[in-house]
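Contents: one structure, followed by commentary.
All residue numbers in this chain count up from 1 along the given sequence. Keep in mind the model is a prediction, meaning the values are calculated, not measured. Just follow the structure's listing: the first ligand is 1, and inside any ligand the first atom is 1.
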Amino acid sequence: MDISVIVPLYNEEESLPELFDWIERVMKENGFTYEVIFVNDGSTDNSWQVIEKIRERSSAVRGIKFRRNYGKSAALYCGFKEAEGDVVITMDADLQDSPDEIPELYRMIREEGYDMVSGWKRKRYDPITKTLPTKLFNATARQVSGIKNLHDFNCGLKSYDKNVVKNIEVYGEMHRYIPYLAKNAGFKKIGEKPVHHQARKYGKTKFGINRFVNGYLDLITLWFLSRFGIKPMHFFGLLGSLMFLIGLIAVVIIGVGKLYSMHQGMEYRLVTDSPYFYLSLTAMIIGTQLFVAGFLGELISRNALGRNDYQIEKTI
Ligand code: UDP
Ligand code: MG
């Protein structure tokens with residue numbers, strides 16, 4: 001099979017028939033063999049009935065129905081697991097992404113050898129309250145992930161070589177950073193294609209302003225995991241040692257200063273009268289705690305299931 005199209009959806013009943021007709025038309029015009037996997041993320045409207053209807057018409061349609069709403073990442077995860085096509089394409093259900101982009105996205109993977117290609121909504125039809133923070137968000141993501149050539153990390157329209165989706169694990173709200181996940185899994189050729197974007201035709205957006213707060217936190221998490229995920233002591237140990245050392249040096253200076261003054265018969269202050277004493281005390285306590293956190297982290301990662309999951313490309 002050439003292409004699996006994965007469509008995560010939450011309450012998108014109005015868009016689905018139109019979306020499927022469009023995908024079907026594009027596939028037929030280009031002679032692709034394909035499947036469309038609709039992942040119904042606990043919709044409370046009639047989305048599932050609509051999917052069942054579409055399936056009666058076409059055997060290329062598959063559906064997964066969650067019992068409750070888990071989020072877009074969960075939907076993508078399950079879609080990725082089921083996908084059978086050589087190239088996997090993800091697309092939002094709200095008709096903001098255009099199925100006309102599919103042939104080119106497919107070609108870039110098959111012929112130009114990209115591991116994944118991300119859409120770039122160069123001209124967006126979203127409110128300014130979304131486009132502006134998105135620019136900032138993408139700039140940060142570029143810096144942190146080191147994938148400098150991407151303008152639009154979170155575009156719903158993306159294509160992947162099958163190997164990529166079978167070897168990454170999207171969870172939580174990490175769908176925003178799939179290129180980063182792919183990079184961390186060793187897939188280097190990550191490209192971008194400007195795509196057409198349209199205003200939402202039916203329904204409304206499912207993500208509020210907290211997407212940016214959560215997005216930043218997730219980015220920090222990913223950065224931390226990719227650097228120190230299996231060796232947390234390298235992070236906590238370093239910070240802890242530094243803190244402890246600063247505290248120790250400070251306390252030694254205070255103590256030696258006092259002893260020296262006593263020895264010279266000069267006037268001297270109690271150690272506890274110096275503000276530096278309390279600062280160094282705090283530094284030493286926090287340093288020790290960080291160190292302990294490092295040890296705990298090591299204990300956890302020693303037992304983690306994924307600690308020896310390596311990406312083996314080939315063996316002969
Ligand atoms: N979506 C989903 N589960 C959720 C929220 C959203 O499957 O919990 C789907 C939604 O139906 C749509 C896609 O994810 O197909 C993108 O969502 P939306 O269009 O609301 O995001 P935006 O375009 O505003 O970034
Ligand atoms: Mg949308």
Side-chain angles (χ1 to χ4, degrees), residues 4-20 22-23 36-51 54 61-83 88-99 101-102 118-138 141 150-159 165 170-179 195-216 218-219:
S4 295
V5 181
I6 299 173
V7 183
L9 62 114
Y10 178 54
N11 294 347
E12 310 277 7
E13 56 183 1
E14 302 101 326
S15 319
L16 294 176
E18 209 170 308
L19 177 70
F20 180 71
W22 193 352
I23 295 176
V36 179
I37 306 178
F38 288 108
V39 190
N40 178 8
D41 184 14
S43 297
T44 50
D45 65 358
N46 288 321
S47 294
W48 184 248
Q49 284 83 330
V50 174
I51 293 167
I54 303 176
V61 172
R62 299 167 66 193
I64 300 173
K65 183 184 182 201
F66 288 174
R67 195 160 275 138
R68 47 158 278 218
N69 178 247
Y70 287 106
K72 189 175 176 184
S73 293
L76 287 177
Y77 172 81
C78 291
F80 284 163
K81 237 164 76 173
E82 290 298 314
V88 176
I89 292 183
T90 60
M91 178 178 286
D92 287 354
D94 54 5
L95 291 167
Q96 289 194 275
D97 301 329
S98 160
E101 308 284 354
I102 292 176
S118 180
W120 171 21
K121 294 162 284 187
R122 203 197 287 235
K123 178 140 183 45
R124 293 183 70 131
Y125 295 90
D126 281 318
I128 182 123
T129 49
K130 187 166 155 196
T131 49
L132 207 71
T134 300
K135 282 222 168 88
L136 223 91
F137 162 88
N138 279 310
L150 286 198
H151 292 85
D152 189 1
F153 274 72
N154 190 19
C155 182
L157 184 56
K158 288 185 166 62
S159 66
V165 305
V170 195
Y171 70 96
E173 290 188 23
M174 295 300 182
H175 60 267
R176 297 193 180 95
Y177 302 110
I178 300 183
V195 295
H196 282 283
H197 185 239
Q198 304 174 77
R200 209 178 223 282
K201 201 163 167 187
Y202 310 102
K204 55 178 193 300
T205 178
K206 308 301 183 305
F207 298 98
I209 198 75
N210 62 357
R211 74 166 88 202
F212 296 110
V213 180
N214 295 342
Y216 269 104
D218 283 345
L219 188 60

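Heavy-atom separations between Gly156 and ligand 1 are all 4.0 Å or longer.
Contacts between Arg211 and ligand 1, counted as non-hydrogen atom pairs separated by less than 4.0 Å, involve the side chain only. The proximity of Glu12 to ligand 1, defined as any non-hydrogen pair under 4.0 Å, is limited to the side chain. Of all the heavy atoms of Asp41, the ones lying under 4.0 Å from any atom of ligand 1 belong exclusively to the side chain.
Which of Asp92, Asn69, Asn40 comes nearest to atom 16 (C) of ligand 1 through a heavy atom is settled by distance: it is Asp92.
Taking the centre and axis of the six-membered ring of Tyr125, the NZ or CZ atom of Lys123 falls inside the cone set by 45° and 6.0 Å.
Ring pair Phe137/Tyr177: centre-to-centre distance below 6.0 Å.
Taking only nitrogen or oxygen atoms, main chain and side chain alike, Ala93 reaches within less than 3.5 Å of ligand 1. Geometrically, ligand 1 and Pro8 share a nitrogen or oxygen pair separated by less than 3.5 Å. When only interatomic distances are considered, the shortest N/O to N/O separation between Arg200 and ligand 1 falls below 3.5 Å.
Listed by first then second residue, pairs satisfying salt bridge (Lys or Arg N to Asp or Glu O under 4.0 Å) with a partner in residues 63-78 read Lys72-Asp92, not counting sequence neighbours.
A donor-acceptor pair shorter than 3.5 Å cannot be found between the side chains of Ser118 and Asp152.
Counting only protein atoms, the N, O or S atoms lying less than 2.8 Å from the Mg ion (ligand 2) are Asp94 OD2, Gln96 OE1, ordered by chain and residue number.
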